[in-house]
Amino acid sequence: MIAECAIEPEVMAYWRHFQSLHEDFGVKQARLICQFPSKWRKIVIERAGVLVQEGKNTELQRTKMIELMSSARFRKKLIPAGNLRIFNGEQTWLGNACNTANPFDLILKSAPGSDGNTLCADELIKSDPPFRRTAQNWILRQPEKLIEAASSILRNSRELMLVEPNFRADEPRFVLTLIHLFQKMEDWGLQLPVIELHTRKVRSEREFFYPGNREALFFQSLNQHIPSRCRLQVYHWGDLPNGGKLHPRFILTDIGGMHFDYGLDQSENEQTLVSTLEDEITDSLLRDLRGGAPDRHEMTIGG
């Protein structure tokens, strides 16, 4: 759902391209920039300096570029290229970008001519695919589909919070999604010391919350599946600090977040509407849910 894009440093080093493109990337825009090669940002800045000497950028433009590229907001637009996107210094940038083991969803190059997902920056029409992306999509409520929709942020996260108000460890429709996430983390080589899960104590006024019983169910269903050296931190909420109830479903990470309309559970023949979030919304949710509240119970599984 979120495109992983390669932008040739020669493209981004020109102020006219940088100014046009930098707001088109981020989780909300459903496009992330792969740092390809690994020192991509440094190469862009250095090349921008050469273009100042050639009279194609101004020093003021380069200064502004450095300021923007050094910001926390810009860094959230970037992800590592990963082990399957090795850069060979003996080949051209474009040759490398077009021949990775893990193909890019979009390649922006400086050379003329566009073909498939490889576009020339000077010929770019943003309203046309493959550049055009949607911040919302219908996703089948199957564990592999739900996790795949968020894979670009999950694979590159250092912090992970799941919000599923109706989660119950004795209901396979929820447990299967979490187990699939744990399996994918192992496949990706993603090591997180902690994963947070936020849910409600009760789903109706007729239900009662028994912490010991709830913890035993989590341990029985999930303990053996949690990745090594990782713990699942579960928070059961009553009322939120503002008096409201935990309701929307989210996957939240340090680089961005996504909203799942009907939940992170399995329902084979149904879909859920998935939307990317503004960075400010993600940051506020992370902050608020980690702020604590008197009416919240915490338990730890695994680790």
Side-chain angles (χ1 to χ4, degrees), residues 1-2 27 76 79-80 82 139 141-201 211 214-237 240 246-260 263-266 272 274 276-277 279 281-293 296-303:
M1 181 169 165
I2 298 176
V27 170
K76 288 187 177 184
I79 57 173
I139 301 296
R141 287 170 63 188
Q142 298 171 3
E144 62 275 13
K145 299 296 184 181
L146 295 169
I147 299 306
E148 175 60 26
S151 62
S152 290
I153 61 173
L154 288 170
R155 284 189 292 105
N156 297 288
S157 64
R158 291 175 296 177
E159 301 175 27
L160 174 57
M161 178 187 292
L162 308 174
V163 183
E164 173 44 84
N166 292 326
F167 191 98
R168 290 293 181 268
D170 57 342
E171 295 184 16
R173 65 190 178 105
F174 294 109
V175 172
L176 289 173
T177 301
L178 208 51
I179 290 175
H180 185 74
L181 169 62
F182 295 151
Q183 292 171 341
K184 294 304 293 185
M185 288 175 59
E186 298 279 10
D187 294 343
W188 296 329
L190 177 61
Q191 296 183 345
L192 298 176
V194 62
I195 298 170
E196 294 185 25
L197 171 63
H198 293 255
T199 187
R200 289 186 296 192
K201 289 182 176 178
R214 197 69 63 87
E215 186 166 355
L217 288 171
F218 268 92
F219 187 89
Q220 179 181 350
S221 300
L222 291 169
N223 185 63
Q224 63 180 322
H225 300 286
I226 298 173
S228 60
R229 297 185 297 278
C230 176
R231 68 182 188 276
L232 179 66
Q233 203 79 16
V234 185
Y235 298 91
H236 287 89
W237 289 82
L240 297 173
L246 202 66
H247 178 67
R249 289 85 166 172
F250 301 104
I251 290 179
L252 306 171
T253 76
D254 51 300
I255 64 171
M258 302 177 74
H259 174 223
F260 292 73
L264 297 170
D265 61 329
Q266 177 176 267
T272 183
V274 181
T276 56
L277 297 175
D279 288 342
I281 298 295
T282 299
D283 292 343
S284 67
L285 286 166
L286 289 169
R287 183 173 57 251
D288 292 346
L289 290 170
R290 287 177 176 161
R296 188 179 78 171
H297 182 272
E298 178 179 344
M299 64 179 64
T300 302
I301 312 297

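Fair warning: this is a prediction, and the values are worked out from it, not measured in the lab.
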Engineer: Taking it one step at a time, do L289 and L246 satisfy side chain to side chain contact (heavy atoms under 4.5 Å, CB included)?
Structural biologist: CA-CA 10 Å; L289 290 170; L246 202 66; 3.9 Å; yes

Engineer: Does R158 have more than 12 heavy atoms from other residues, nucleotides or ligands lying within 6.0 Å of its CZ?
Structural biologist: no

Engineer: Tell me if a side-chain donor or acceptor on D170 pairs with a main-chain N or O of L217 at a distance below 3.5 Å.
Structural biologist: no

Engineer: May I ask you to test the V234-F167 pair for a side-chain heavy-atom distance under 4.5 Å?
Structural biologist: no

Engineer: Should R249 and L162 be marked as a side chain to side chain contact (heavy atoms under 4.5 Å, CB included) after you check the CA-CA gap, both sets of side-chain angles, and the distance that decides it?
Structural biologist: CA-CA 8 Å; R249 289 85 166 172; L162 308 174; over 6 Å; no

Engineer: Between the main-chain N or O of T253 and the side-chain N or O of S157, is there a donor-acceptor pair closer than 3.5 Å?
Structural biologist: no

Engineer: Please find the pair of heavy atoms, one from D254 and one from E159, that lie closest to each other, and give the distance.
Structural biologist: OD1-N, 3.0 Å

Engineer: Treating T177 as the side-chain partner and L264 as the backbone partner, does any N or O pair qualify as donor plus acceptor under 3.5 Å?
Structural biologist: yes

Engineer: Is the backbone of F260 close enough, under 3.5 Å, to the side chain of T272 for a donor and an acceptor to pair up by distance?
Structural biologist: no

Engineer: Looking only at heavy atoms, what is the nearest atom pair of R168 and F174, with distance?
Structural biologist: N-CD1, 3.6 Å

Engineer: Evaluate side chain to side chain contact (heavy atoms under 4.5 Å, CB included) for Q233 paired with T300, printing each intermediate quantity in order.
Structural biologist: CA-CA 5 Å; Q233 203 79 16; T300 302; 2.9 Å; yes

Engineer: Can you tell if the side chain of I195 reaches within under 4.5 Å of the side chain of M185, non-hydrogen atoms only?
Structural biologist: yes

Engineer: V274 and M258: which non-hydrogen atoms are nearest, and at how many Å?
Structural biologist: CG1-CE, 3.5 Å

Engineer: Within a strict 4.5 Å, meaning less than it, do heavy atoms of the F182 and I226 side chains meet?
Structural biologist: yes

Engineer: Determine the minimum heavy-atom distance between H180 and P143, stating which atoms define it.
Structural biologist: CD2-O, 3.5 Å

Engineer: Could you please spell out the steps behind the side chain to side chain contact (heavy atoms under 4.5 Å, CB included) verdict for T199 and H236?
Structural biologist: CA-CA 5 Å; T199 187; H236 287 89; 3.4 Å; yes

Engineer: Counting C-beta onward and ignoring hydrogens, is there a side-chain heavy-atom pair between V27 and L277 closer than 4.5 Å?
Structural biologist: no

